[in-house]
Protein chains: 2
Amino acid sequence: MVLKKAIFVRIGEVVKKAGVGPDTIRFYERQGLIQSLPSKDKTNTYRNYPEETLQRIAMIKQAQHAGFSIAEFSALIETIENPSADFFDADIFLQKKIDEIEERMRHARKFLKTLRATKNALSLTRS
Amino acid sequence: MVLKKAIFVRIGEVVKKAGVGPDTIRFYERQGLIQSLPSKDKTNTYRNYPEETLQRIAMIKQAQHAGFSIAEFSALIETIENPSADFFDADIFLQKKIDEIEERMRHARKFLKTLRATKNALSLTRS
DNA sequence: CAGAACCATTGACAATGGTCCATTGTTAAC
DNA sequence: GTTAACAATGGACCATTGTCAATGGTTCTG
C-alpha cells in the first residue's frame, strides 16, 4: 500500500476547493460531520483540515441532494465507519431512504390525481 | 347541478375530523391555505369553516408528503383556482416537482455507490 | 513595521412549519 | 348562575441548516 503523506490545510483552502463558506465548514465541524486538528505550532488557534475533508464535504452535498438531513447522514457515517458494523447495516439504512423517496414519488403522482379532480370540480362549479 | 347547502363548523370540529391541531389550522389560515368567515352572529369572534376545509387540509397533507412546501402548494393552488389559467400550467408545475423527486432518487442511488466505495476504502485501510 | 488578509469565538438572525402559553372572551351543561 | 370547555390573540419557542457581524488575535505582503 502506498504511504500517503497527510496534508493539512487551513480553512481558507478548504473554502476555495470545496465551494462552501468558512461558516458552513465550522458548522459542519460543530455538528461532527468533519474533523480538524488544532494547529501544530501552537502560536495560533487555526484549524488544520486533512485532505479527505474535501471528499467528505462533497459527500455531504451528495447526501443532501439525496434528501438526507445532517442527522441522518451522521447516523449513516457512524454505521459505516464503525469497524464492527458490516456493510449490510448501511445498505439497509440507505435502502430505507430510497424507499422513502420512492414513496414520496407515489405521493406526488397521487397528488396529481387529486389536483385534476379538484380542477374538474372547480370548472363544473363555474359553468 | 345539485345545490349544496354550505355548512360551517367551528375550529374544534375541524380539529376532530381533520386530525390536526387548532394552532395548525389557524397557522394554515394565516398562510392563506384555507379560509374562514367570521361568525354569523357577531356576538363572538369564532371562525366558521366551510365543509371543504376538510378536503383542503387533506390536500395539504398530501402535498407535503409529496415534498411540496407551503409556498409551493400556495402557488399551485393559485394557478389551479385561477379561472384564466388552463390546466396545463398546474400540470407543468407538478411535472417539475415529480422530476425533482426523480432526480433526488437518482442522487440517492449515486450516493449509495459513493458510500460503497468509501466503505471499501476504509476496510482496505484497516487490513 | 504597517496594513491587508486571514482565522477564531460568540451570539444574533433567517426561513420553514409548526407548537405552546397566558390572557381574555364565549358557550354549554348542570 | 357558576363552572367547564371552547375559542381568539399575541408572542415566545422548537429544530434545521446555515449566514452574518462584532471583536480580537495571527500571518502575509510590500
Side-chain angles (χ1 to χ4, degrees), chain A residues 8-50 53 56-77 97 100 104 107, chain B residues 8-50 53 56-77 97 100 104 107:
Chain A
F8 295 91
V9 296
R10 302 209 295 219
I11 202 168
E13 282 304 300
V14 181
V15 165
K16 275 183 214 148
K17 292 179 183 163
V20 296
D23 284 324
T24 302
I25 293 171
R26 284 186 288 251
F27 171 73
Y28 287 162
E29 191 168 353
R30 278 200 303 285
Q31 302 302 310
L33 300 186
I34 58 180
Q35 273 103 46
S36 72
L37 301 172
S39 93
K40 297 263 164 183
D41 75 18
K42 305 185 51 191
T43 64
N44 68 32
T45 57
Y46 294 0
R47 287 169 175 79
N48 273 268
Y49 291 102
T53 303
R56 183 55 81 92
I57 291 173
M59 229 170 122
I60 295 169
K61 285 185 183 173
Q62 257 189 42
Q64 287 181 328
H65 271 188
F68 284 73
S69 71
I70 282 181
E72 287 169 330
F73 180 73
S74 292
L76 191 53
I77 285 303
K97 198 71 197 177
E100 205 181 300
R104 192 142 64 229
H107 278 296
Chain B
F8 294 90
V9 295
R10 304 212 291 221
I11 201 168
E13 283 304 301
V14 181
V15 164
K16 275 182 214 147
K17 293 179 184 162
V20 296
D23 283 324
T24 302
I25 293 171
R26 286 186 288 251
F27 171 73
Y28 287 162
E29 190 167 353
R30 277 201 303 287
Q31 302 302 309
L33 300 186
I34 59 180
Q35 273 104 47
S36 72
L37 302 172
S39 95
K40 297 263 164 184
D41 76 16
K42 304 187 50 193
T43 65
N44 68 32
T45 56
Y46 294 0
R47 287 167 175 80
N48 273 268
Y49 290 102
T53 303
R56 184 53 82 91
I57 291 174
M59 227 170 124
I60 295 169
K61 285 184 183 174
Q62 256 188 44
Q64 287 181 329
H65 270 188
F68 284 73
S69 71
I70 283 180
E72 287 169 331
F73 179 74
S74 290
L76 191 52
I77 285 303
K97 199 71 196 176
E100 205 180 300
R104 192 143 62 229
H107 278 297

Reading nucleotides 17-30 of chain D from the 5' end, what letters show protein touch, with B for base, S for backbone sugar-phosphate only, - for no heavy atom under 4.0 Å? BBBB----BBS---
Short side-chain N/O contact to dC7(C) OP1/OP2 from Arg47(A), under 4.0 Å: no
Out of curiosity, Leu33(A) CG to Ile60(A) CD1, how far, rounded to the nearest 0.5 Å? 4.5 Å
Can you tell me how far the CD atom of Glu29(B) sits from the CD1 atom of Ile11(B), to the nearest 0.5 Å? 7.5 Å
Quick one: [X] [atom1] to [N] [atom2], roughly how many Å, whole number?
X: Phe8(A); N: dC7(C); atom1: CZ; atom2: C1'; value: 18 Å
X: Tyr49(A); N: dC7(C); atom1: OH; atom2: P; value: 10 Å
X: Glu29(B); N: dT19(C); atom1: CD; atom2: P; value: 16 Å
X: Ile25(A); N: dT9(C); atom1: CD1; atom2: P; value: 14 Å
X: Ile11(B); N: dA5(D); atom1: CD1; atom2: P; value: 19 Å

Taking the side chain as C-beta and beyond, is there a heavy-atom pair between Tyr28(B) and Arg56(B) under 4.5 Å? no
Between the main-chain N or O of Arg10(B) and the side-chain N or O of Arg47(B), is there a donor-acceptor pair closer than 3.5 Å?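 No.
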For the side chain of Ser74(B) and the backbone of Ile70(B), is there at least one donor-acceptor N/O pair under 3.5 Å apart?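 It does hold such a pair.
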Checking salt bridge (charged side-chain N to carboxylate O under 4.0 Å, His left out) for the pair Glu100(B)/Lys97(B): CA distance, chi angles, key distance, verdict? CA-CA 5 Å; Glu100(B) 205 180 300; Lys97(B) 199 71 196 176; 3.1 Å; yes
Does Arg26(A) reach a base, just sugar-phosphate, or nothing at all? Heavy atoms under 4.0 Å. base
